[in-house]
Amino acid sequence: MCGIVGYVGHQSAGPILLEGLQRLEYRGYDSSGIAVLDRDGSLAVLKRQGKLRDLEAAIVAMPSGGAGIGHTRWATHGVPSDRNAHPHASSSGDVIVVQNGIVENYRSLKAELEQTLAAQGRSWLSDTDTEVIPELIARELARGQMFEEALQAAIARLRGANAIAAFHRADPTRIYAARKGSAGGMVIGYGDGEMFLASDLPALLPHTTDVYHLEDGEIAVIDSQGALIHRADRPRHRPEPRQVDLDPVAVARGPYRHFMLKEIFEQPRALSDTIRGRARLDPPSALADEFEISDATLRSVERVLVIGMGTSLHAAMIGRWWIEQIAGIPADFDNASEFRFRAPVIGPATLVVSVTQSGETIDTLGAMDHVRDRWGAPQIVVTNVEGSEATRKADASILMRCGPEVGVASTKTFLGSLAALYLLACRIGKARGSLGDADLGEALEQLLTSPSLVERGLALSDQCNEIARSYTGSTNFLVLGRGIEHPLAMEAALKCKEISYVHAEGYAAGEMKHGPIALLDQQFPVIALATRGPLFDKMMSAIQQVSARRAPVIAVGDEGDDELAGLVDHYIGVPPASDLLTPFALTPVIQLLAYHIALARGLDIDQPRNLAKTVTVE
Ligand code: M6R
């Protein structure tokens, strides 16, 4: 989703803003812009539709100036264009603003402000909702308010969630930041005589690891020496920066052609890190430390509901399966964006587990609010981002330790979520006494082998590449799986859609003959996930039915499965795994197939069209 950067200090702001925006490219965008203010009050605003290289090319001379803000826009209101790109200025040209989020009541605000604009012979300069913000601030300033007060008053008029950066043309020593609701993060970075601002850490890491995460309702006045925080209900304060433990190298692409490939190959380490210290064998325990929900609560709940969106929803589906199998408690999953607008009957005795790698997905946060407001049920979040909004809403967090994920497609955070959910299932089972020590020990011992299973799956990359090249021209895929492999079929289809732009459907194989089979012919390849689990024979019948329609079959099964290999057009053998661990064995292959199809089609794998890494708008 949109990205924000800001700078104030002794260096030239332009190059720092551009580099910061480059580090936020992964969030997805369709246009970009920067505004730089020189000490003598001269202002340069540059905006371009398209990629950052288009913005860079449009800069004849990089504006000097020690203060500025920048933005990558992902269009919501108004098409992607130079004129709709941020920053936006007030009609007076004095107040400069960038925004993430949506001003839901922008129509009525525009109508209200239009009279003043018309009286001055001015009109709106863009089709965006954002443009009302600098105009509202300018109106408050004209009433004699300080900038931070004017910003606060303007924000109070906005409906929706917003993250804002701004400055005033008359003051080259300060920039301002504000956060209201869940419109993605806003992080202030502390340098030596200079300060940075960004909507995400990767943009700050080359400069500093001392940061402050702006909280909901806060406004920051930032000068080269630090930040002063204002909020309506508390005294002003200078926050203590916190040091983040993130290696800048972790956000570099290294020798890999794409971040997605790098992150697929980082999975064994992401898994080991996520599991480390949380799966103990002697005596067996899972997530014993660092957990804010008591065993008494885990014993008192009657049901577990796991929610998420996209890849995180697929992780939630697998989590549901494990919680039933391992902990022996009724469990279900739900799509957060549907759940939050229904009147679900969950009751206070339901444990709600939200899965969100970013911790900022608007639908998942909305669902968490819904649970809190309506039922007050206990909530846990599984996330990769410490300090994210979801961690504030939940009673307890299980942090994956995957490191930053830059590719838009979730890969290592999918397996990170799975490891966390598996550990949670073990913890619930132990707390409730449904999982004895011996079974718990065995389940944990299995989990500890997951990094090596994934490692072996990664060795199949060349074979996936070869097979993918045979299907470069295919525009449809059906992906079939059963049991725990059904959510994986859906995840495989999602990966094909988002990075290869190939239409793909993930189906429970038993459902195929109830409709989708009508699609099949020689041009419609089917990927069948068919390891030797309890439903293997049923998968074999489904494959026979597919082959009878002459649709080509790519089967992913257990290593050395000659029976399966003999039946299909292409066969990929993954290391055999227990029923519980199948997702770890299959995931690298489904990711690599999608990656290599996209590569063969020459697509922009790390920044697929129309997509954002974190979906913070509805
Ligand atoms: O940050 P979250 O895990 O809440 O994000 C949810 C989805 O937007 C995300 O998984 C999306 O589907 C990914 N692009 C999938 O690769």
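Numbering of residues begins at 1 and proceeds along the displayed sequence. Ligands are counted one by one from 1 in listed order, and the atoms in each one are counted from 1 as well.
- Of all heavy-atom pairs spanning Val382 and Ala420, the tightest one is CG1-CB, 3.7 Å.
- Atoms of ligand 1 lying under 4.0 Å from at least one heavy atom of Gly310, given by number and element, are 10 (O), 12 (O).
- A salt bridge links Asp332 with Arg320; the closest basic N to acidic carboxylate O contact falls under 4.0 Å.
- With respect to Lys495 and Glu498, a salt bridge is recorded, a charged nitrogen being found less than 4.0 Å from a carboxylate O.
- Taking the charged nitrogens against the carboxylate oxygens, Arg340 and Asp363 do have a contact shorter than 4.0 Å, which makes a salt bridge.
- For Val408, the heavy-atom gap to ligand 1 drops under 4.0 angstrom.
- Atom 13 (C) of ligand 1 has as its closest protein heavy atom Ser410 OG, 3.6 Å.
- Here is the list of ligand 1 atoms found below 4.0 Å of a heavy atom in Ser312: 2 (P), 3 (O), 10 (O).
- The protein non-hydrogen atom at the shortest distance from atom 1 (O) of ligand 1 is Ser358 OG, 2.6 Å.
- Ion pairing of Lys180 with Glu218 is absent here, as no side-chain N (NZ or NE/NH1/NH2) approaches a carboxylate O to less than 4.0 Å.
- Scanning the protein for heavy atoms near atom 15 (C) of ligand 1, the closest one is Thr311 OG1, 2.9 Å.
- The Ala409 neighbourhood of ligand 1 comprises atoms 16 (O), with distances under 4.0 Å to a heavy atom of that residue.
- A salt bridge does not link Glu360 with Lys393: none of the charged nitrogens is closer than 4.0 Å to a carboxylate oxygen.
- The protein non-hydrogen atom at the shortest distance from atom 4 (O) of ligand 1 is Thr361 OG1, 2.5 Å.
- Atom 16 (O) of ligand 1 has as its closest protein heavy atom Glu498 OE2, 2.4 Å.
- Ranking the protein heavy atoms by distance from atom 7 (C) of ligand 1 puts Met309 O, 3.5 Å first.
- The nearest heavy-atom contact from the protein to atom 8 (O) of ligand 1 is Val615 CG2, 4.1 Å.
- Ligand 1 places these atoms under 4.0 Å from at least one heavy atom of Lys495: 15 (C), 16 (O).
- Heavy atoms from other residues, nucleotides or ligands lying under 6.0 Å from CD of Glu324 number more than 12.
- Aromatic ring pairs are classed by plane angle as parallel below 30°, tilted from 30° to 60° and perpendicular above 60°; the pair His207 and Phe196 is parallel.
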